[in-house]
Every structure is written in structure tokens, then in C-alpha cells.
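Note sheet for the following structure.
Both backbone and side-chain heavy atoms feed into the values below; hydrogens, waters and symmetry mates do not. Chain letters run A, B, ... following the sequence lines, proteins first, then strands; residues in each count from 1.
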Amino acid sequence: MTEQPAKRYDPHAIEARRQAAWRARDAFQTPSLTEGQPHKYIKPSAPFTSGNIHIGHVRSYSIGDAYARFSRARGDAVLFAFGFDAFGLPAELGAIASGESPSDWVSRCATHMTGQLQRLGFSFDWDRSFLSSEARMYRWSQWLFLTLLANDLVYRGTGSVDWCEHCSTTLATIQVENGLCWRCHNPVQLIQRTQWYLRISAYVPENDRRSQELAASGMWDESSLASQRFVLGRVDGVELDLRAPDGTELTVFTPHSDALAEARFVAISPKHPEVERWVANPAVLEQLEELRSGGLQRDSREADAIPLIDTGHFLSGPSGDPLPVLISPAVDGRFGATAVLGIPELDQTDAVIAQRLAAQVDAPVQAPLRAESALYEVRPAVRYRANDFSISRQRSWGTPIPIVYCEECGTVPVPFEQLPVLLPLDLKPTGAGNPLAERADFVQVDCPRCGGPARRETDTLDCHFDALWLWIPACVPPHERERPLGEIFALEDLRQWLPAGRLVAGSDSGNFVFDQRIVTKALRDIGPLSFIADGEPFAGCLFHEMVIRDGRKMSKHLGNVVDPDELVERFGADTVRLAVLYAARPQRTLNWSDSAVLRSHRFLTQVWEYSHARLADAEALASADDGEPVKDTSEHLRLKLSTWCETAVEKITEEMQSLEMHSAVRNIMRLFDRIKDFEKRVAARQGALRRADSDALIDALTLLAALLGPFAPHLSEELWIALGHNGDTQLPWPGVSSQVPA
RNA sequence: GCCCGGGUGGCGGAAUCGGUAUACGCAGCGGACUUAAAAUCCGCGGCUCGCAAAAGGGCAUGUGGGUUCGAGUCCCACCCCGGGCACCA
């Protein structure tokens, strides 16, 4: 009857035991779906192969895992798996720093991170995980690229990139420091390049419309909807067709429908499809070309520095006044590729532009005479900031673009049956040039059309493009992975799991998600995803905020990084997971504090030790004779306990369904306090617990163990077993009605 | 500049609908246990006035207004902090 050493809470022993048991029984293997079975595909974010799992990952996956385990406990078939987002600049830089090939570096990182995630006990189906940099995976990107190209949703255009002459390489924004190359500190130039673009504009209006449906469904939380609204950049206003003296018309837009008479100029985006019509003058054409090749400098986004071209043309304005026609990229950022009315009175940017316009005109321009105030038809109109974006990168660590340039046939797409175009694995980027372009064995190729000499495209796809499909292959059973992609989309499994029931990702994923929604609609119309009628990849979505410390983002530079490994080593996985869930509601920034971990650890320790102590008491009571029947003085307390339990289950179930994990954990903690309170009160009333009290107490503790399942899965399963239940299967989630003891 | 968050004790932070502000925890103080310490357990705890204690009073949710019987919560204006603003993922 004395305290046994086994009753001490030893998270490391418990967690090792449970994880071994899960492995032994393939606990998290994705079940194949049977007709009509409730199921959920819970999509976690694809971690970048950065080398280490950080506390933000722990938060993200703790939320997803709690939801996955909750869903399984309620009897749903669950798909919970992910792939690593393994291409991209940081991997290239990591490889340069370590002297490895990116391929080796990335797989080493993935192995290490997988180990970290397994130690934390997340219930991923590891058989389905993958790296986006595997050939059997990036063929998805190539297939998607060609499919979209064939449907005019991928096209070639011209754009400007930062270029370092000394390193003969393109630079990412983060590699440009004060206008200098980060590596050699020489000045960076903007050069013009032909690039591949994704035509998201084709589906932006539908994304807008569908967002409203998603909001109505209640499955998308407010912060994820807000991020979609932000990426969309919808502006409501009116449009009208203005006429030039020669009769040419231009449709202009303004959000200020009530101030049309105040218009002072018209500004056209350089990307406007009809912009050429307004640059007849050679000097103006030259300025436009300069603007296009120079691109938009990062530091000249402000209205007082942004390029401004006066075309010399005029349009007759709504009030009859002649309005000068300008070309400026200032339009793009606010309304997309369109033409707008400049209304200085109401708009600050317009005010600055009007001022600059007045200053830059030396002699009064010979404006056409004021025309008769024309009556214009004013139509309601909508503009979006979301615009087509470049998907090609001049880097070696990415999906090769399946395009060949032939002297005879020009630009030739690689035929589908020749995919994948393999990326050489032994690439050693140095930071200078693009090593892919220097590989004769890669570049030189026979034209797939005429067989003549040809060159491969050496640009690779941005990993943003990979992300467009990264959520799909988890639905493909591992043994089907190698099949042609056309067949994979026909798999019954894939069609069952899609669309995903819930996406759980960081709030910085707004852009990805927006574009995934676009591409799903494109693939719906093209055919492969025709079974997703609304073109929405995620039925539900939760964006959680990040983990910060001392009010700042964590960074090595600030020395405020929290190391998950260290925490797991000190307190165990259950404690760490519970702490990040309990510390803040998912949608809110979690300001890290050690007290949350200490609190969690103490709570779990108490639950463990208290449950075992009461279990020992119960056994002692069972073996002793209960003695004379005495007056039952604690019945009302047992009833109260039972009510508390029922209320808790009801509340916590609701909170789990809406992913309010922080409240769920707090309610579990409260329930534990009440259970202890029950014991205290019974003891105070009648001195000791009798059989009926003890039974009620053990029932309540059993319930507590089941409720803890999604949060502290290792501890709860061990408790469940200690309390006399079968630990070889999924812990069931308590039902409200079945919970009342007979 | 624009967009999105946030501002409550010494600290992290609670407070579904507008209804006892400061739950819970950390640090602190007092006590129990101990040769002692650690660990654990119990208790106290916004600021201020009140001779000490108690009773009691006053003031407190970034600032200033407003709505209301009643505001941390709703409205308006402002200040401060953080994050984002697209070739970083």
C-alpha cells in the first residue's frame, strides 16, 4: 500500500512505450474507405526542409493532431499525412553552407525532422509522407505545368528580376541588401527576362464568389477568410467609357462613384491590354519600354517616387473637363491591370500624383477645348488586386520546367509520356550562376517534335508552384504512387478523400491557399478534378497564428528561440503539446512563456499520480469487506459529479468540433479540479470514500483519460490501460448519453 | 503609406450574450513536512486611504470622448507595440 515507484509520472518511459505500441499496430495507417463511412482528410501544412522542427511547427501539428485523434475517437476514418516542401532557395543555401548537394542536404533534414515529429507523437500516416523533390513527386508539377499550358493558363511574359553581374545570377529579394548583392556586395541591376506566368486572373472572380459560400458554410474560420479577402484585394466601384477627341474609348474604373466630377486625370496600368494605343509618341514609347524593363523598384512604391508617364493624350472627363492620360504602375498595386480615374480630393495617392503632374509640366499644355458635358453610362464594377504571377526561377534546385527550345520548332512542350524531366542529383550550387545551365547532359536534348538539336529550359519552377498540388498526393495509397497521373485522378480513394475536410495551416499560407483554390477550379474545368463541383480544395480551414517570444518573432539573431527538443527532453512530448494548445486560442499569436509548460507538466503529473493513487484506494476498498450498510450521505455529490462530467463532455466536444483547443484543455483542467473537489467533499462529509463513491471517482477519472486522448495521447492511453481498459485500439470519445453510469 | 492583430497586476494571461474585472498559472510572501535543502502540499495576494489588523472607502483593463441602469467587451477619434505588403516560404 505504500507509494510505488511506478506511480511516478515518467513521461519518457510512457511515451517510448506508447509510440512502440502505435508502430507495432500501425495505429495511424489511413484506412481504405468504405461506402458511406464518415471520413476526414485533415491537411497539415507542408513543412519546409529547414533542418529542424521549430515551436511553430509544434503548435501547428498539435492542433491538427488533436483534431485528427478526436475525429478517430469519434469513429471517423482519418487521413492525416503530409509531404515535405523540399525545393527552393533556402535548401540551396543550406546545401551551399554544408557543402552537400541539395538532394543530400534535403533528405538529411527530412530524416531528422521526421524523427523529431515522431518523438512528439503526432499521428501522421508516415507511409504516405514524401518529399516534393523526389522525381515521382515533382512529375506532378511538370504534369500540372503542361496541363495548364495546354489550356492557356500558363503563358510566357516579360518581367524584371534582380541580377548580379558579378555572380551572374538572379537574386531573390532577401538576397539584395541595400541594393547590393549579399554575396559579393556589388550593385544589383534590374534586368528584363522572359518568364513563365500563371494566369490566376482567369479564376479570381470565381474565387471571390466561392469565398462567400465558404463563409456561409461556417467551416472556414474568420481569420482564414480574412486572409483570402486580403489576397483577393477586391475593390468595389463603378466604371464608365471615356472618349478621346478622336473618338477612341477607354473604360476607366473608380471606387469613388459619388465624386466622378472631381476627376483630374486618368491613370493606366502598364499591364493594361490596351496600353499600346496610348503611346503613339516615340518618346512616350521609350519611357514605357524603360518602365517595363526596369520593373518596379522596391523602394519606389511610394506615390512620390513611383514612375509616371504623361502620354500627352486627353480624355473627356465626366464633368466635360479634359483629363490627361498617364501610365503608372501605381495602379497595379491597388486595382490590378486596369485604368482608373484619378480623384485627388478623395485619394491620397491621387493627390500626390496630381501634385507631381502639376510640377512636371513646364509650359501649360495645349489642352483641347472643354467639350460639352457628356452623359456617360456609369456601371457598377469590381476590380481585384490579385494578379498573374511569375512561376519560373533561375535556380537549379527546383522542378525542371518541361519545355525544350528547338531551332526549327521553337518552344516545344515535353510530351506527357516523357515525364518526368529529371533533375540531376549531383548538382552543387555555389551561389554563382545557375549550375543547371552548365550541365551539357541536361541542356542538350533532341527536339521531341523533329528530333533535331534543341536546348532544355534551364529555369525551374518556384516551389510556390509545387505547393499548388502538394495537398493531393497524400490521398494516393503508397502502392499507387507510381501510376501515370491521368490514372491517379481516377482512383476511388482519391475521389473519396477530396476535397480535404480541414486545412490547418499558419496564417502566412494565405497566398498558397488562394492559388490552390484557383488551380483546383482550373483542374475541375479541364477534367481531372471534375468531381469537385465548387472547385474548392478545402471544405474547412483554420489559420493559426505564430509563436513569438517577448513580443518579437523568434530568431537566432534575437536569441529568443525556443527549442522543442530541449523541452521534450525535460518535460516529455505530452507536456509540450498540451502547453502550446492551452496557452492561447489558435487564431491568436502565442507569446511564449515557460509558465505554460510548467503548468502543463504539473497538471499531467497530478492527473497521473492522483489517478493511480485513487486506483490503489479502489483496489483496497474492493478487497476489504464493505461492512454494514450505512446511510448513503454522498449520493447528491455523486450526482453533481456526474452532471459536471456530462457538461464537460458536451462543452469539450463542441469546442473540438470548432477547433477551440485552448478552451477544451481549460475545461479538462477544470473537470480535474472538480473531481478532486468531489473527493474532498465526500471525505469531509463522511470521513472516507465508500465503494459507490470510489466507483464514481474512477468513472470520472476514466472519462478524464479519454478526454485527454487528443492532447496528451501517451499519458491518456497508459491511464486508460491502468484503469482496466483495452489499450490496443483507439480510445473512444465519450458520448454524452452513454456516459451516465447505469 | 496600406492591410491584419494586439495593449488588462511584478510576469504569461482569463473573462461565449454588454452583467461580481484580474480565473488559472509563474515569480513572491507565510505555513506544513524535513537535521537541512530540494521536491511536494496548504494558505495569502491589483493599487491606494485607513495608526497595526479587521470592517469599510476611493481608483484601476493604452488615451480622450460617446451609447447604456451597467462597458475590458459596442461606437468615434487618437497614442503605442507586433506582423505582413508577393521571385522567402
Closest to side chain of [X], choosing from [options]:
X      : options                : value
A:Q195 : B:rG13, B:rC87, B:rA89 : B:rC87
A:S390 : B:rC87, B:rC24, B:rA89 : B:rC87
A:R599 : B:rA14, B:rC24, B:rA89 : B:rC24
A:Q606 : B:rC41, B:rA89, B:rC87 : B:rC41
A:R666 : B:rC24, B:rC87, B:rA14 : B:rA14

Taking atom [atom1] in both [N] and [M], compute the distance separating them and give it to the nearest angstrom.
N      : M      : atom1 : result
B:rG72 : B:rG9  : C1'   : 14 Å
B:rG70 : B:rA21 : C1'   : 14 Å
B:rU73 : B:rG62 : C1'   : 16 Å
B:rC47 : B:rA53 : P     : 13 Å
B:rC29 : B:rA38 : P     : 11 Å
B:rG13 : B:rG66 : C1'   : 30 Å
B:rU61 : B:rC51 : C1'   : 33 Å
B:rG25 : B:rU40 : P     : 13 Å

Taking only side-chain N and O atoms of [X], does any of them lie within less than 4.0 angstrom of OP1 or OP2 on [N]?
X      : N      : answer
A:R602 : B:rC26 : yes
A:Q587 : B:rC4  : no
A:R585 : B:rU16 : no

Quick check against the 3.5 Å criterion: does A:Q516 have a side-chain atom that pairs as donor or acceptor with the backbone of A:A467? yes
Decide yes or no, distance alone: a donor-acceptor N/O pair under 3.5 angstrom between the base of B:rC87 and the side-chain of A:R393.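 Result: at least one qualifying N/O pair found.
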Identify whether any heavy atom of [X] sits under 4.0 Å from a base atom; if not, whether one sits that close to sugar-phosphate; answer base, sugar-phosphate or nothing.
X      : value
A:F389 : nothing
A:D673 : nothing
A:E609 : nothing
A:T589 : nothing
A:M546 : sugar-phosphate

Given atom [atom1] of [X] and atom [atom2] of [N], what is their separation to the nearest angstrom?
X      : N      : atom1 : atom2 : result
A:R229 : B:rC2  : CZ    : C1'   : 16 Å
A:F48  : B:rA89 : CZ    : C1'   : 7 Å
A:E545 : B:rG13 : CD    : P     : 14 Å
A:L598 : B:rC26 : CG    : C1'   : 7 Å
A:N511 : B:rC3  : CG    : C1'   : 13 Å
A:L590 : B:rG25 : CG    : C1'   : 14 Å
A:R588 : B:rG12 : CZ    : C1'   : 11 Å
A:L581 : B:rA14 : CG    : P     : 14 Å

Syn or anti for B:rC17? Use the chi torsion, O4'-C1'-N9-C4 for purines and O4'-C1'-N1-C2 for pyrimidines, with syn inside 90° of 0. syn
With syn defined as a glycosidic angle within 90 degrees of 0 and anti as anything else, the base of B:rG9 is syn
Check whether A:Y582 forms a cation-pi arrangement with A:R666 (NZ or CZ under 6.0 Å from the six-membered ring centre, at most 45° off the ring normal). yes
NZ or CZ of A:R517 within 45° of A:W220 ring axis and under 6.0 Å: yes
State whether a side-chain donor-acceptor pair under 3.5 Å links [X] with [Y].
X      : Y      : value
A:H544 : A:S60  : yes
A:W196 : A:E457 : yes
A:N207 : A:Y384 : no
A:D208 : A:S211 : no

Separation between CD1 (A:I652) and CG (A:L707), nearest 0.5 Å, reads 4.5 Å
So what's B:rG5 paired with, Watson-Crick or G-U wobble, going by both distances under 3.5 Å? B:rC81
Nucleotide forming a Watson-Crick or wobble pair with B:rC59, both distances under 3.5 Å: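 Across any shown strand, B:rC59 pairs with B:rG46.
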Quick check: on RNA chain B, is the nucleotide nearest A:E655 upstream (toward 5') of the one nearest A:R395, or the reverse? Name the residue that is more 5'. A:E655
A:A226 vs A:H464, nearer the 5' end of RNA chain B by closest nucleotide: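 The answer here is A:A226.
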